[in-house]
Amino acid sequence: QVQFVESGGDLVQPGGSLRLSCAASGLIFSLYTMGWFRQAPGKQRELVASITRTGNTTYDDSVKGRFTISRDNARTMVYLEMKSLKPDDTAVYYCNGRALGTQFSGFEFKQWGQGTQVTVSS
C-alpha cells in the first residue's frame, strides 16, 4: 500500500533552517505530483508547496522565497528546504501526492502519514 514517511522536523529558533524529507513507497513515484502540507493546531491542513513529475513547482505565498521543494525519483524521495523560519511556520508537516493530475485543490487524499513536527520558537 501507499506509504509516506516524513522526517526532519525539529525545534528551531526564528530565522533558522531545516530540511524535511519524505520517503514514498507503494506507488510509481515518478508519475506523481508531490506536495508538502502543514497543519497548525486549530487550523485546517494547507498546501505549502508542490512539485510535478517534470519539476514544475508551486508555493504558497507565505513561504515563497524561503522554502524550496525538490524530488529524487531514483530514491522516491521528496524534500523541503526551509529557510528564514518564522513562528507561524510551526505545524505538523506532511507529504502526499497524486497521479493523473497536478492540482490538489478539491482532491481528497485517502491516506496520510504521521507527519513531522516543526516548531519555530525562541
Side-chain angles (χ1 to χ4, degrees):
Q1 62 178 347
V2 176
Q3 284 189 318
F4 301 102
V5 180
E6 302 92 345
S7 62
D10 204 354
L11 171 65
V12 63
Q13 293 185 355
S17 300
L18 284 173
R19 175 174 172 154
L20 306 184
S21 298
C22 171
S25 61
L27 74 166
I28 305 177
F29 181 77
S30 62
L31 299 181
Y32 277 63
T33 292
M34 296 296 300
W36 281 98
F37 304 77
R38 67 185 180 187
Q39 187 169 26
K43 293 187 176 181
Q44 293 283 103
R45 183 156 31 213
E46 64 178 358
L47 176 66
V48 175
S50 69
I51 182 167
T52 70
R53 58 186 297 187
T54 58
N56 292 324
T57 59
T58 69
Y59 297 93
D60 185 79
D61 287 341
S62 66
V63 306
K64 284 182 179 177
R66 300 189 299 118
F67 291 8
T68 302
I69 188 171
S70 61
R71 67 191 296 162
D72 186 334
N73 286 345
R75 298 179 180 178
T76 66
M77 297 284 290
V78 61
Y79 306 97
L80 187 68
E81 298 278 358
M82 310 166 69
K83 300 179 180 178
S84 302
L85 284 161
K86 304 174 180 179
D88 285 347
D89 295 320
T90 296
V92 178
Y93 284 71
Y94 304 86
C95 65
N96 217 318
R98 66 168 294 184
L100 304 177
T102 59
Q103 301 295 121
F104 292 129
S105 297
F107 184 84
E108 288 194 30
F109 296 96
K110 300 293 189 296
Q111 187 173 341
W112 296 88
Q114 293 185 353
T116 185
Q117 176 72 50
V118 173
T119 302
V120 185
S121 177
S122 60

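Only heavy atoms go into these numbers, but all of them, side chains included; no hydrogens, no water, no symmetry mates.
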(request) Verify the distance criterion only: is there a donor paired with an acceptor across the side chains of T54 and T52 at less than 3.5 Å? (result) yes
(request) Would you please say whether a donor-acceptor pair under 3.5 Å links the side chains of R38 and S62? (result) yes
(request) Just say parallel, tilted or perpendicular for the rings of W112 and Y94, cut-offs at 30° and 60°. (result) perpendicular
(message) Please verify the inter-ring angle class for F104 with F109; under 30° counts as parallel, over 60° as perpendicular, anything in between as tilted.
(response) tilted
Mind checking whether [X] and [Y] sit in one hydrophobic cluster, side chains of I, L, V, M, F, W, Y counted as touching below 4.5 Å?
X: L31; Y: L27; answer: yes
X: I28; Y: I51; answer: yes
X: W36; Y: V92; answer: no
X: Y79; Y: V118; answer: no
X: F37; Y: L80; answer: no

Any sub-3.5 Å donor-acceptor pair from [X]'s side-chain atoms to [Y]'s backbone N or O?
X: T76; Y: A24; answer: yes
X: Q3; Y: G26; answer: no
X: R98; Y: Q103; answer: yes
X: N73; Y: F29; answer: no
X: T119; Y: T90; answer: no

(message) Using a 6.0 Å distance limit plus a 45 degree cone around the ring axis, check whether R71 lies over the aromatic ring of Y32.
(response) no
(request) Side-chain contact test, heavy atoms from C-beta onward, threshold under 4.5 Å: evaluate it for N56 versus T102 and give yes or no. (result) no
(request) Tell me, yes or no, whether the heavy-atom count around Q111 atom CD, taken from other residues, nucleotides or ligands under 6.0 Å, exceeds 12. (result) yes
(message) To check you understand the geometry: which heavy-atom pair defines the closest contact between L47 and D60, and what is its length?
(response) O-CB, 3.6 Å
(message) Let me confirm one number: the OG-CZ distance from S7 to R19, rounded to the nearest 0.5 Å.
(response) 10.0 Å
(request) Please determine if K86 and D89 form a salt bridge, counting it only when a charged side-chain N lies under 4.0 Å from a carboxylate O. (result) no
